[in-house]
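Below: one structure, written as structure tokens.
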Number of protein chains: 2
Amino acid sequence: MSRTPLHPTREQIELPMVLDCLSDPIRLAIVYQLAQQERVSSELCCGDFSGLAGKSNLAYHFAKLRECGLMLTRVAGTNRFMRLRREDLDARFPGLLDAVINSAAKDADRLQLWPECEVVQGE
Amino acid sequence: MSRTPLHPTREQIELPMVLDCLSDPIRLAIVYQLAQQERVSSELCCGDFSGLAGKSNLAYHFAKLRECGLMLTRVAGTNRFMRLRREDLDARFPGLLDAVINSAAKDADRLQLWPECEVVQGE
DNA sequence: CCCTATGTTCAACGTTTATTGAACTATTGA
DNA sequence: TCAATAGTTCAATAAACGTTGAACATAGGG
């Protein structure tokens, strides 16, 4: 198990890859939930997304999100804590992430985004 | 040849499909060039994109762009004139199209977007 | 009326993608 | 030390995707 997963530098983040990454419903849901966590400046770990797909399938989507530069993974013991690369994304593509997240929020029921049901944390 | 291609209604436009459509470099270039034409409120026809790919490949991408609700095709004689569905997209996903187009403009060289070279019109 | 220009449709192809379960690695706590 | 927990990696599969060329449809100009 590699200790610290590879992430692209800010300048290596490419628009088509980001859009492709966001176009998958499961990955969009992950990004959406991470965006909700931003507001309380906390992180989520893999297990918090178990409502979206199976473990190995989630690992696949996490890798995609990491490789395209959308999120950052921090290894802490047996957990992986994740957060959006907000600053890098806003610098490279101003307004894009917010537009996507707000659009997703508008269609939350259609996209089956119910973060408040899945994300239970705080204990 | 069907007289008027099918387009989704405004409400049928889905975020993941739009993002997926925009994630292909050729389609992103098409959308980018259509956005440039918006500013002089004119349309482009298929032949104007011949620098991007072969005819049948372009037809494939045009169909995708139409089916996901990104653009509108108007049949006029032997030509097809196309334009962005700006109003519908802004209504469904506020700020998204502009964010994508501005981000693409920032990376114009990396994405090989050179509309002023390809799009020669006005005669 | 034919010929040309414009664009679509179709079949074929190789590639990439998402999803699954099983095997694996690493860390923590008893 | 042993077992449980958290997550990754791998191989296999089926579906979707992008690209190509050939055939086709349609409209307009000589």
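Note on naming: letters A, B, ... go to the chains in the order of the sequence lines (proteins, then strands), and numbering restarts at 1 for each one.
Across all strands shown, B:Asn57 has heavy atoms under 4.0 Å from base atoms, whether or not it also approaches the sugar-phosphate. Using a 4.0 Å heavy-atom cutoff across all strands shown, B:Arg66 reaches sugar-phosphate atoms only and no base atom. Within the nucleic acid shown, B:Leu58 has no heavy atom closer than 4.0 Å to any nucleic acid atom. Residue B:Gly54 is classed as having no contact, given no heavy-atom separation below 4.0 Å to the nucleic acid.
Closest to the side chain of B:Asp24, out of D:dT8, D:dG18, C:dT19, is D:dG18. Counting only heavy atoms from C-beta on, A:Ser56 has its side chain closest to C:dG21 among C:dT19, D:dG7, C:dG21. Candidate nucleotides D:dG18, D:dT8, C:dG7 were compared by shortest atom distance to the side chain of B:Tyr60, and D:dG18 ranks first. Of the candidate nucleotides C:dT9, C:dT17, D:dG18, D:dG18 has the atom lying nearest to any side-chain atom of B:Arg27.
One can place CZ of B:Arg74 at 17 Å from C1' of D:dT26, the figure rounded to the nearest angstrom. Residue A:Lys55 contributes atom NZ, which lies 12 Å from atom C1' of C:dG21 at whole-angstrom precision. In this entry the distance linking CZ of A:Arg80 with P of C:dT25 reads 14 Å, nearest Å. Atom CZ in B:Phe81 sits roughly 13 Å away from atom C1' in D:dA27 (whole-Å rounding). A straight line from CG of A:Asp20 to P of D:dA16 spans 16 Å, rounded to a whole angstrom. As a whole-Å value, the separation of B:Phe62 CZ from D:dT19 P is 13 Å. In this structure, the CG atom of A:Leu65 is 16 Å from the C1' atom of D:dT8, given to the nearest Å. The distance from atom CD of A:Glu67 to atom P of C:dA18 is 11 Å, rounded to the nearest whole Å.
More than 12 heavy-atom neighbours from other residues, nucleotides or ligands sit within 6.0 angstrom of CD on A:Glu38.
Checked by distance alone, B:Thr78 brings no side-chain donor or acceptor within 3.5 Å of a matching partner on the base of C:dG7.
Salt bridge B:Asp88/B:Arg92: absent, no basic N to carboxylate O contact under 4.0 Å. In this structure, A:Asp90 does not pair ionically with A:Arg85, as no charged nitrogen and carboxylate oxygen lie closer than 4.0 Å.
An OP1 or OP2 oxygen of D:dC17 is reached within less than 4.0 angstrom by a side-chain nitrogen or oxygen of B:Lys64. OP1 and OP2 of C:dT17 both lie 4.0 Å or more from every side-chain N or O belonging to A:His61.
The only member of A:Glu67, A:Arg66, A:Met71 that meets side-chain contact (heavy atoms from CB on, under 4.5 Å) when paired with A:His7 is A:Arg66.
Looking at which nucleotide of DNA chain D each of A:Asn79 and A:Ala63 is closest to, the 5′-most match is held by A:Asn79.
Smallest separation of non-hydrogen atoms from A:Lys64 and A:Arg27: CD-NH1, 3.6 Å.
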